[in-house]
Structures are given as structure tokens and as C-alpha cells.
Amino acid sequence: MPELQLKQLYDGFRDPRTVAELASQIKQLAAKLDEPVNVMEVCGGHTHTIMKYGLLQLLPDNIEFIHGPGCPVCIMPKERIDQAAALAQIPDVILVTLGDMIRVPGSEGSLAQFRAKGCDIRPIYMPLDALKIAQENPDKTVVYFAIGFETSTPMTAVLLEQAEKLGIPNLLFHINHVLVPPAIDAVMADPDTRVNAFIGPSHVSVITGSQIYQPTVDNYHTPVVVSGFEPVDVMQSILSIVKQKVEGRCALENQYERAVSYKGNEAAQQKVNHFFTVRPSFRWRGLGPIPNSALMLKPEYRHRDAELKYGERLPVKEIDDHKACQCGDILRGKAKPQDCKVFGRGCTPQTPLGSCMVSSEGACNAYYRYAGVK
Amino acid sequence: MCLSIPSQVVELHPEIQSVTVDTLGVKRTVSCHLMEEPLAVGDYVLIHIGFVMNKIDAASAAESLALYKEIVDKMEAADA
Ligand code: SF4
């Protein structure tokens with residue numbers, strides 16, 4: 001086998017001719033479908049690929065994408081951001097968090113706005129940076145506002161493991177790690193749901209294995225294809241789904257065999273299981289409370305839990321979205337971004353009203369950037 | 001925050017459980033705390049928020065690419 005170059009790994013899975021050929025195969029097959037295929041792409045990363053590469057336009061009318069709840073920034077309810085803001089206002093606390101989270105509006109403003117008012121809030125690119133900040137500021141308490149799905153939880157576990165091992169007492173955690181399968185169940189529990197197929201995010205399965213979707217296939221008789229994030233990956237996954245539908249089958253398939261196995265990264269799973277346990281309920285933005293859909297620290301690690309330590313200072317009032325915002329319907333597959341009255345008018349990436357517009361992987365943001373505003 | 005893109009290992013730092021990777025020209029040091037199997041220079045890996053999540057199986061990637069090439073060649077032959 002010729003040696004593979006990094007460039008080939010990129011270009012090969014973005015090749016426009018391959019995309020075009022897969023599109024034509026999908027079209028031919030889709031002509032045989034009895035009913036439309038409504039594919040939920042659970043993860044915002046796939047939404048981004050679909051919009052960026054114009055895949056929507058390449059597909060026949062009887063295949064529709066429904067943008068799912070799999071963007072950790074989009075699903076964070078306002079009260080959790082309010083809690084982060086409350087933590088940041090405690091003297092001697094440094095709040096650190098990843099990426100886009102800092103721009104998501106809470107009920108009193110975003111973390112960026114609190115930072116402008118003088119709170120010590122630091123965006124970081126990798127969780128281990130929090131360790132350094134804690135080491136450099138021994139007289140302060142550093143709180144890591146941890147977000148993300150199964151993909152990101154092991155990284156928080158390693159951060160915690162290192163803090164314990166190195167004996168760094170001043171690093172605490174506010175845990176907002178959420179789980180994909182219960183969110184899928186919440187979407188499917190709606191009797192009006194139109195979703196009848198899924199593409200699963202490959203990076204979640206790199207950690208968990210493709211196995212986590214077997215119950216989805218069995219319980220809802222829907223095909224699930226674990227898919228990579230390049231346009232060729234997504235098109236190949238759609239082709240597999242259409243094939244299954246035409247043949248009247250539903251199965252779990254793994255398109256991203258180059259990195260995903262059935263069992264996943266077991267070392268990472270062990271670390272997660274060591275530090276975390278399931279939280280009885282977590283409220284999702286747009287979807288409401290979902291039982292067993294998130295994680296929290298195990299009792300042995302409660303000395304690291306900022307939610308416990310500062311419990312009485314944290315607001316618990318549940319805050320709903322801006323009245324005009326339809327993120328909830330969008331996350332359930334009942335509306336498209338353009339259906340929202342303020343899309344592109346009152347709500348833009350510069351002035352986001354809802355978190356689907358803030359995150360670069362949110363459905364509203366992707367539509368705004370790539371589809372243009374009509 | 002969630003796009004995972006392939007990178008290539010260019011340097012090993014076993015003493016700090018990390019490696020330097022190249023993501024199409026951008027070099028950075030990332031943690032290997034989530035990897036049980038050892039990494040070698042030249043390996044393709046997936047990175048997420050500063051960690052190697054997993055190796056990419058180069059043979060399986062090459063196989064997919066060969067399959068796509070076949071598809072495209074067939075299409076072009078049919079068009080000609
Ligand atoms: S356009 Fe803005 S307000 Fe409307 S649904 Fe999207 S994020 Fe919410």
C-alpha cells in the first residue's frame with residue numbers, strides 16, 4: 001500500500017468529484033423510496049459540513065436534514081450560564097471555559113460581558129490549560145466550567161486526575177457534561193417526530209464506540225450510521241441510509257472505520273467511569289429536563305465540585321429562551337432557522353439572541369453564514 | 001468546538017506524556033493521557049481540545065480513498 005500523506009487524508013475526503021458521484025448514486029436510489037427520509041444529524045459538526053459544502057442542494061427533495069441537539073454550546077440552558085457568571089463574581093475566583101461558551105447569553109448577559117465588567121474569566125483552548133492557571137495562581141480558586149458531550153468528558157477526567165495526582169487543591173469543576181443517547185430518546189419521544197434515520201457523530205464514537213447507538217436502532221427501528229465529518233463521509237453515510245431504507249432494513253453502520261470501532265477508546269471510558277456518575281436529570285435548552293442525560297462528579301470527588309462548594313450562591317431559577325427564539329423547535333427538528341422571525345434581523349452572529357446563533361456549529365449560525373439571509 | 005481533524009505525529013515527548021503534531025502546517029503539543037497504545041512519529045491521530053483521542057487507521061483510510069477513486073474513474077469512463 002502506498003504511503004498515505006496527510007494532505008490526501010484531507011483532500012481525498014473532500015474531493016468534489018467523489019461527492020458528485022455519491023450524490024448521483026443517492027439520487028438514483030432515492031427515486032425508489034416510498035417515504036421521505038428525514039435524517040437527523042445529531043451533531044453541530046455535521047450541520048456545519050452540510051452547509052459549508054452545500055450538500056443540501058445536491059440531494060433529492062425526499063431527503064431532508066433535521067438538525068439535532070448535539071452542540072454543547074447550543075443546548076446549555078441559561079441558568080447554567082447564570083451559575084457560571086455567579087461563580088465568576090465570587091472574589092478570588094478565576095472562571096475558565098472552552099471556546100464559544102463565553103459568548104452565549106445568560107439571563108443577565110454573557111460571560112464575555114461579565115468579563116468586561118471586571119470578572120476574571122478566561123477562555124482556554126484545552127482543558128489542561130486550567131491546570132497551569134491553577135498552579136500559577138495558588139491564592140485563587142480556579143473553576144473549570146466543563147462542557148461537552150462524550151467526546152469532551154474524558155479530557156475533563158484527565159484534568160481532574162492530574163489535579164489530584166499533583167496535589168493542586170485550588171482547581172474546582174462545574175460539570176455540564178451531557179450524553180447523546182438520552183437526547184435522542186427525548187427527540188424520539190415526541191409523537192410528532194419526523195426523524196426516521198440518524199447520522200451519529202464520529203468523534204463521540206471514537207470515545208464510546210459505535211455501540212452506543214444499538215438501542216436507537218432497536219428501539220425506534222431507524223438506521224444509524226456513524227459518520228465522519230468530511231463531505232465525502234457525510235454523503236457516503238446518506239447513501240448507506242438510503243440503501244437501508246430501500247431494502248427495508250435498519251441497522252447500525254460505521255462509515256468512519258478509519259478511527260471508530262464498536263467498542264471505542266476503553267482507556268478513556270474507564271477514566272470517565274472513575275470520576276463521573278449519571279446525574280438524575282439535566283435541563284436542556286429547547287428540550288427541557290431529560291432524565292439521566294448528563295454527568296456529575298462521584299461523591300469521592302465532591303471536594304472538587306464547585307456546584308456543591310458554592311451551592312448557596314448559585315442561582316437555580318430556570319430561565320427560558322427569548323420569546324421569539326425558536327432554538328427549541330429547531331433542536332427538535334420542527335423548524336428551520338429561517339422560520340424564526342428574528343433570524344438574520346434581530347439575531348445575527350454579532351448580536352445572537354439564542355445559542356444556536358452563537359456557536360459556529362449551531363444550526364442558525366451555519367444557515368446564516370453559508371445559506372445567506374433572504 | 002467539535003470538529004476533529006486529522007493530524008500527524010512529528011515528535012514524541014514521553015517524559016510529559018505528550019506529542020507534537022502537525023495539522024496541515026500548524027504544529028502544537030498535545031496530551032497522550034487518553035492513549036493506551038504508544039504512538040510513533042508518522043502516525044495519524046485525531047485531536048480534540050488538546051488531547052489525542054485516537055489513531056487513524058491509515059490502511060483503512062487508504063482503502064476508502066482507493067474505493068472513491070474507483071467510483072470516480074468509473075463515472076468518468078461512463079461519461080467519456
Ligand atoms: S435565529 Fe436566533 S433567535 Fe431565532 S432560533 Fe436561531 S438563535 Fe434563536
Side-chain angles (χ1 to χ4, degrees), chain A residues 1-4 6-10 12-13 15 17-18 20-22 24-25 43-45 48-49 70-73 98-101 125-129 147-149 151-152 154-155 157-158 161-162 201-203 206-207 229 232 236 257-261 264-268 271 359-361, chain B residues 1-10 16-18 21-38 41-79:
Chain A
M1 182 140 342
E3 211 193 315
L4 189 66
L6 188 54
K7 194 170 173 313
Q8 279 169 283
L9 258 185
Y10 281 83
F13 295 99
D15 177 36
R17 289 171 315 162
T18 314
E21 178 53 18
L22 287 168
S24 96
Q25 291 188 7
C43 170
H48 183 95
T49 301
C71 161
V73 175
L98 291 175
D100 290 335
M101 206 61 227
Y125 295 100
M126 36 184 111
L128 281 182
D129 289 345
I147 62 163
F149 282 86
T151 330
S152 314
M155 292 72 180
V158 170
E161 186 184 60
Q162 292 300 309
S202 55
H203 53 7
V206 163
I207 300 290
F229 285 103
V232 168
Q236 201 190 13
E257 276 180 334
R258 56 191 193 273
V260 167
S261 63
N265 180 335
E266 294 180 80
K271 286 196 202 292
S359 159
S360 56
E361 282 152 28
Chain B
M1 62 171 279
C2 268
L3 292 179
S4 40
I5 30 182
S7 305
Q8 191 163 31
V9 176
V10 292
I16 49 167
Q17 270 204 58
S18 46
V21 295
D22 174 349
T23 316
L24 279 189
V26 182
K27 290 209 172 72
R28 56 200 166 144
T29 302
V30 293
S31 149
C32 301
H33 286 94
L34 295 173
M35 292 302 294
E36 262 183 350
E37 44 172 338
V41 169
D43 278 349
Y44 296 105
V45 290
L46 288 177
I47 307 295
H48 181 59
I49 50 175
F51 285 83
V52 179
M53 300 169 80
N54 210 357
K55 262 210 280 202
I56 297 174
D57 178 349
S60 143
E63 222 171 84
S64 304
L65 291 174
L67 177 80
Y68 299 145
K69 190 172 174 305
E70 218 174 89
I71 292 177
V72 170
D73 288 350
K74 246 191 230 152
M75 168 187 81
E76 282 173 355
D79 285 350

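Keep in mind it's a predicted model, so treat the numbers as computed, not measured. Letters A, B, ... are given to chains in the order of the sequence lines, protein chains preceding strands, and every chain is numbered from 1.
In this structure, H203(A) and L46(B) have side chains that are not in contact, with every pair of non-hydrogen atoms separated by 4.5 Å or more. Residues F51(B) and T151(A) fail the side-chain proximity criterion, which asks for heavy atoms closer than 4.5 Å.
For the pair P6(B) and L9(A), the tightest heavy-atom approach, listed with the atom from each and the gap, is CB-CD1, 3.9 Å.
The distance from atom CD1 of I147(A) to atom CD1 of I49(B), rounded to the nearest 0.5 Å, is 8.0 Å.
Looking at Y10(A), only its side chain comes within 4.5 Å of chain B, counting heavy atoms on both sides. For chain A, the nearby part of S64(B) is the side chain; its heavy atoms alone come within less than 4.5 Å.
Under the salt bridge (charged side-chain N to carboxylate O under 4.0 Å, His left out) criterion, the residue pairs touching residues 46-59 of chain B are E37(B)-K55(B), D43(B)-K55(B), with sequence neighbours excluded.
The candidate from E266(A), Q236(A), E161(A), K7(A) with the greatest count of non-hydrogen atom pairs under 4.5 Å with chain B is Q236(A). Interface summary for chain A: among D22(B), L24(B), I56(B), the most heavy-atom pairs under 4.5 angstrom belong to L24(B). Per-residue heavy-atom pair counts under 4.5 Å with chain A were compared for S7(B), S31(B), A61(B), and the maximum is reached by A61(B). Ranked by heavy-atom pairs shorter than 4.5 Å toward chain B, the options V158(A), V260(A), V232(A), I207(A) are led by V158(A). Put simply, of L65(B), N54(B), I71(B), the one with the most heavy-atom pairs under 4.5 Å next to chain A is L65(B). When the candidates D129(A), L22(A), L128(A) are compared by the number of heavy-atom contacts under 4.5 Å with chain B, L128(A) comes out ahead. Taking chain B as the reference chain and counting heavy-atom pairs below 4.5 Å, the highest number among Q162(A), E21(A), M126(A), E257(A) is found for E21(A).
Between the side chain of N265(A) and the backbone N or O of M53(B), at least one donor-acceptor pair lies under 3.5 Å. Using modelled atom types, no side-chain atom of Y68(B) and backbone atom of R17(A) make a donor-acceptor pair closer than 3.5 Å. Within the 3.5 Å criterion, the main-chain N or O of L4(A) finds a donor-acceptor partner in the side chain of Y44(B).
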